[in-house]
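In what follows, chains carry the letters A, B, and so on, assigned in the order in which the sequence lines appear, proteins first and then strands, with residues in each chain numbered from 1.
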4 protein chains.
Amino acid sequence: MGGARDSGRRERRRAAILRAAVDVFAKRGYTAARMREVAQSAGVADGTLYLYFAGKEALLIAILEEHAEGFLARAKRDANRVADPRKKLAAVVSRHLASLERDRALAHVFQIELRHSRRFLRQVARGQVAKYLHLIERIVRDGAASGAFRGDIPPEVTARAVFGAIDELVTGWVLATRPRPLAEQAGPLLALLMEGLEARLGAQR
Amino acid sequence: MGGARDSGRRERRRAAILRAAVDVFAKRGYTAARMREVAQSAGVADGTLYLYFAGKEALLIAILEEHAEGFLARAKRDANRVADPRKKLAAVVSRHLASLERDRALAHVFQIELRHSRRFLRQVARGQVAKYLHLIERIVRDGAASGAFRGDIPPEVTARAVFGAIDELVTGWVLATRPRPLAEQAGPLLALLMEGLEARLGAQR
Amino acid sequence: MGGARDSGRRERRRAAILRAAVDVFAKRGYTAARMREVAQSAGVADGTLYLYFAGKEALLIAILEEHAEGFLARAKRDANRVADPRKKLAAVVSRHLASLERDRALAHVFQIELRHSRRFLRQVARGQVAKYLHLIERIVRDGAASGAFRGDIPPEVTARAVFGAIDELVTGWVLATRPRPLAEQAGPLLALLMEGLEARLGAQR
Amino acid sequence: MGGARDSGRRERRRAAILRAAVDVFAKRGYTAARMREVAQSAGVADGTLYLYFAGKEALLIAILEEHAEGFLARAKRDANRVADPRKKLAAVVSRHLASLERDRALAHVFQIELRHSRRFLRQVARGQVAKYLHLIERIVRDGAASGAFRGDIPPEVTARAVFGAIDELVTGWVLATRPRPLAEQAGPLLALLMEGLEARLGAQR
DNA sequence: TATGAATGAGGTTTCATTCAT
DNA sequence: GATGAATGAAACCTCATTCAT
């Protein structure tokens, strides 16, 4: 019982620190952020941070892993709910935009602070983004096999292009002074990706 | 004559410092880069850096402006050489990939170091990237007007998607241990963007 | 109890840093003094200095305030112990000389380092010296009112002259290689100030 | 002829640099003053300063010597014009105040910038101030011998007290926001020094 | 003689992290 | 486990001075 209660307390404190880190990193930027401010925002002493995380960069990595895993799981679940590859892709894109639109500070950290160095990016790319790219790649590959998607474009290129396009929309939204809702942009983006930019004869829109 | 020679000397020295900065920033990352190493790499004294650039960040900004302007000018020129909007877009994409593939250290700085803070990103986004997005947007808009492109997708979304897709390909290339040539990826990316991901009945590829 | 002990510890450490600063400033001069040397002399780490004082100049200001206040309080107390304005003035002069003679390094800092810039002097002059001048002025004014002192000299001039004369004796003592004791000079100075330089008929000395 | 003309040119340039140094030192303070600003103010190139003076501190010393010598010569001449020791002292005091009141920037440098370090002060004290103290001391000593002045106060103490009193008046004038004319203060100061602060029976003022 | 571009030594301060309590 | 006072490494930039022209 004591163990369980302690564990709950520990878990809550860990979450508070992580939330504080997101807010402070978003507000100040990773480099300018001070561990002291994170501690104060979380309501703990400076030294306590180090009982939960190995250091400043570990905090950044933890933010990434904490949310990326949940996000990836939700995206996979959403994709699995439908059979049509087109709908799978649409589900992933919508989930991506919705997940980040819900929490602007977190989106800021994801789009900007998590990319502050090559070494860090490598860890990110090898870790979470790679998993995400694989998910898209799998959908595209399956779609090509079933005849729903074209088969003449390397799925890795498609996956990167899809991810890059979404990613840029989000970054624009994060940096904008008066951003337009992300959710609105899912439809047009999907239309572009699915059907292409060229006008079709006999199927004008 | 002395003035001309001095001016040439100054110009050469400025270029040497800028080149050194690209190399050191790419090798160490902006934060870990030491001004001393830049100076040594450029073959000048520490203090000389400050006769040419206001400081470390000014060096980063100068790298951006120096190359972004030239790149943008070349992209515009390429686009203007052809009339077909499809070919214009193809020209810009190819130029983008080719420009960065030519100089990997510079590409590294563009893809990673130039994005190390929100404040900096804002300057970048508002400055050079915005110009680039406008270029793409203009092509897309004109293409829609002439009937070559669809008219139902907001051109800003298209522009961001195109830029994001290219950008991500480049970033993947910069971070990869064994990158595949960027030039090879222009074709598939364009095919995807132009014609879309969905398979066409009666026109299988 | 822990709080009281900590507070004592903090107070002792603060005093040690201040003492170290006096010694190093006197030995090297303010500009040439190194914060590192102050830290080493105080037996703390470099960064610890900044937990107690805002910076190098704050150290100088703290030396001034710390000692000037005590000195002024003692001078006032001494003056209040006697009723005769002549004795009041004598008490202040003696206290001034005695206070600085007790601690040569401190005297050095007071006479030289505390005057290293106009900006700083203004703070000094407006702050502590002004208070000191007021004390003398008050004594002189009261003495004139009671008929003990002349009434035809502006008290501000008298106060500045008295302060300047003492100050110069101390500076001479600080700069001298083989200084003669300051205490010995109080009597002659007072005789001069009180009775004047001119010989008196029928009252030869 | 060429030599004479060159020499005149050199002399004028030297004077311009010295004047520029006085102005810049007074405006910024010695430490904050930049050699570049002195050069610009004098209308010469940075390097030219070093063809006339050994360095920044040499500039300060040159200001001192240049003006102190002239001032001392004038003070001596003034003193020699009268026979009465009282009038000699009055002449020196008046000259002192008048000399500095004429040029506020120079007065600033004399009162503040010339005292910025012990090493420097030693040079000053050993050099010019010592000569000045000797002048006063000689007058006081002669006055005592002739019976005009008291003989019971060590002349060195008197000299320092006189110098200190004048010096403090000037410093107050330099630092004041709205200074009252120095010349007005010569009379009261002399009255104090000559006749003393105590009220005289039967000779009230 | 005059120039001014180049030099390069030098130091205060910040802040992530540690560890005695 | 929690605290927070203490640590100390680390680097950008300034500016007096030099010297090739």
Spacing between D:Asp46 atom CG and F:dA20 atom P, to the nearest angstrom: 18 Å
For B:Arg119 and B:Glu57: C-alpha separation, side-chain torsions, deciding distance, then whether side-chain contact (heavy atoms from CB on, under 4.5 Å) applies. CA-CA 12 Å; B:Arg119 187 173 56 78; B:Glu57 186 155 71; 3.0 Å; yes
Stem finding on DNA chain F, please: runs of three or more consecutive Watson-Crick or G-U wobble pairs, both distances under 3.5 Å, sorted by first number. E:2-21 with F:2-21
Quick note, ring-ring contact (aromatic ring centres under 6.0 Å, His included) partners involving residues 9-62 of chain B, not counting sequence neighbours, are B:Phe25-B:Tyr30, B:Tyr30-B:His116
Distance in angstrom units between C:Tyr30 OH and E:dG11 P, rounded: 14 Å
Heavy atoms, side chains only, cut-off 4.5 Å: are A:Leu121 and A:Leu114 in contact? no
What distance separates A:Leu59 CG from A:Leu64 CG, expressed to the nearest 0.5 Å? 12.5 Å
Quick one: is A:Arg13 getting a side-chain N or O under 4.0 Å of the F:dG1 phosphate, OP1 or OP2? no
State plainly whether the residues C:Glu66 and C:Arg14 are in salt-bridge range, i.e. N to O under 4.0 Å. yes
Within residues 19-29 of chain B: residues closer than 4.0 Å to DNA chain F (heavy atoms): none
I would like to know whether B:Gln128 and B:His67 meet side-chain contact (heavy atoms from CB on, under 4.5 Å); could you show each step before the answer? CA-CA 10 Å; B:Gln128 305 300 332; B:His67 294 94; over 6 Å; no
Set out, in order, the CA-CA distance, both residues' side-chain angles and the distance that settles side-chain contact (heavy atoms from CB on, under 4.5 Å) for C:His108 and C:Lys27, then state yes or no. CA-CA 9 Å; C:His108 177 127; C:Lys27 189 174 175 189; over 6 Å; no
Only counting residues at least two apart or in another chain, list the ones meeting side chain to side chain contact (heavy atoms under 4.5 Å, CB included) with C:Arg19. C:Val22, C:Asp23, C:Asp103, C:Ala105
Integer-rounded Å distance: E:dT12 C1' and C:Leu59 CG: 12 Å
I would like to know whether D:Arg12 and D:Arg9 meet side-chain contact (heavy atoms from CB on, under 4.5 Å); could you show each step before the answer? CA-CA 5 Å; D:Arg12 257 176 289 123; D:Arg9 173 186 158 84; 4.2 Å; yes
Are B:Glu113 and A:Arg115 ion-paired here, with the side-chain N under 4.0 Å from a carboxylate O? no
Is any side-chain heavy atom of A:Leu60 less than 4.5 Å from a side-chain heavy atom of A:Val109? yes
The correct set of residues in residues 48-57 of chain D placing a heavy atom under 4.0 Å from DNA chain E is D:Thr48, D:Leu51, D:Tyr52
For DNA chain E, find the residues of residues 31-42 of chain C with a heavy-atom distance under 4.0 Å and give them by number; none if there aren't any. C:Ala33, C:Arg34, C:Met35
Heavy-atom closest pair (C:Leu18 atom, C:Ala62 atom, distance to 0.1 Å) is CD1-CB, 3.9 Å
How about C:Met35 and C:Asp46: do any of their side-chain heavy atoms sit closer than 4.5 Å? no
